[in-house]
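Structure, as structure tokens:
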Amino acid sequence: MTWAEQLLGCLQSSEIDLAIYVPDEVLTPLIDGASADPGMDAFAASREEEAIGIAAGYAMGGRRSVVMMQSSGFGNSVNALASLVVPYQLPVAMIIGERGVLGEFNPVQVPISRAIRPALDALGIPHRTLERPEDVEPVASRVIQQSFRTGSPSVLFINPLLTGGKADR
Amino acid sequence: MSANRTAYRVMSRNDLTRRLVSHLSGNEAVIAGIGNTNFDLLDAGHRPENFYMLGSMGLAAPIALGVTLAQPDRRVIALEGDGSILMNLGALTTIATLAPANLTVIIWDNGLYQITGKQATATAGPTDIVRVAESCGIPQSYWATDQSHFEQLVTTAVSTNGPHFIAARVDDASATARPERNPVLWRDRFMTGIGTRAERSV
């Protein structure tokens, strides 16, 4: 199975039935998989903080979703996390395609990649990075389950070592 | 279709909020944006299905959209100010694309960032927020021309398929009520109100 198929399986077994995404090339197989899954709805939000707001409402409405974005989009997410998801203690599970590391070609992707983990740590949002195929199922399942069981946000980074990263073309 | 917004009556936000609440049958979820918008909603009488935003400016409509998707049988109303919706206009395109039948967005437009010092918003100038909503692809988008028209629009919104978008020109009277600054309290009350959290005795 590909990493995307494994991760989709984790979403399904975690009873997630909605994927809200702002597109990212390396996450495309996961977005396409979620879109094709008859048990899951998937749609694009115009901006990452909007996606987080939708996920917050979905969670309070009693159902489970996942938010997918590129690492650059984390910069668009911070106020939604800091003034909604964290203080209201809402289970918003995020999957972030990681740019700016391990062979990045675009210099503007790099600064946010340095800021993102310190920012998550400062906000108290747990995060794990998926680099090896054998880690996808055990790590992703546990992170997502903990997010919903404890009413806390969480982040899974999808690293270029897992996906091959984005090619410069 | 809207005409020139300056032709419409400027109304009391507090009074319109009370009129809105009086037309709710009891189980509609109301997601109220920051500042005077949710202060006046509380002032109209707390309902268990109310959610008060203490921050996250601009996210009332996305939060409401999330609730509509999770609970398609419940009517959901997003209450936002003009400054808040201007921060997140893209959300209107997502609402137009998904077209949830159970969602209504209501905008209180006083042309001001009222709570930060009454700086002018774009709706005080060239931007007509109803035309924005129409152009995003929400055809049922209307200005409330006066109080009775507002009530008529609300009645339609809570009894017919949406999405609905209603804007009203309102005053800049300061609301007097203040929700307690306790995010988890409001989350729990809201989730209890919409049936997603059991009331516990301790």
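On a predicted model such as this, the values are computed, not experimentally measured, just so you know.
- Here the straight-line distance linking atom CG of B/L59 with atom CD of A/E49 works out to 5.0 Å at 0.5 Å rounding.
- The stretch residues 61-79 of chain B places B/P62, B/I63, B/L65, B/G66, B/V67, B/L69, B/A70, B/Q71, B/P72 near chain A, each with some heavy atom under 4.5 Å from a heavy atom of that chain.
- Within 6.0 Å of atom CE in B/M87, 12 or fewer heavy atoms from other residues, nucleotides or ligands are found, so the atom counts as exposed in its surroundings.
- Proximity to chain B (any heavy atom under 4.5 Å) is shown, for A/A55, by neither the backbone nor the side chain.
- Separation of atoms CG (B/D188) and CE (A/M60) is listed at 11.0 Å; rounding is to 0.5 Å.
- Counted within 6.0 Å of CD on A/Q146, heavy atoms from surrounding residues, nucleotides or ligands total 12 or fewer; the atom is thus considered open.
- Neither the backbone nor the side chain of A/A51 comes within contact range of chain B; no heavy atom of the residue lies under 4.5 Å from a heavy atom of that chain.
- Atom CZ of A/R128 is surrounded by 12 or fewer heavy atoms from other residues, nucleotides or ligands within 6.0 Å.
- Annotation: the span from A/L90 atom CG to B/M191 atom CE amounts to 7.5 Å, rounded to 0.5 Å.
- Inter-residue side-chain proximity for A/Y88 and B/F51 is flagged as met; some heavy-atom pair is nearer than 4.5 Å.
- When all heavy atoms of B/P183 and A/P87 are compared, the closest pair comes out as CB-O, 3.3 Å.
- When heavy atoms are compared at a cutoff of 4.5 Å, B/L98 approaches chain A solely by way of its side chain, counted from C-beta outward.
- Residues A/E50 and B/T94 meet the side-chain proximity criterion, which asks for heavy atoms closer than 4.5 Å.
- Judged by distance alone, with hydrogens and angles left aside, the side-chain atoms of A/S83 form a donor-acceptor pair with the main-chain N or O of B/S56 at under 3.5 Å.
- Heavy-atom pairs under 4.5 Å with chain A were tallied for B/I31, B/T97, B/L54; the largest tally goes to B/L54.
- Note that the CD atom of A/Q89 and the CZ atom of B/R187 stand 5.5 Å from one another [nearest 0.5 Å].
- Interface residue A/L18: only side-chain heavy atoms are found under 4.5 Å from chain B.
- Contacts between A/A82 and chain B at a heavy-atom distance below 4.5 Å are absent for every atom of the residue.
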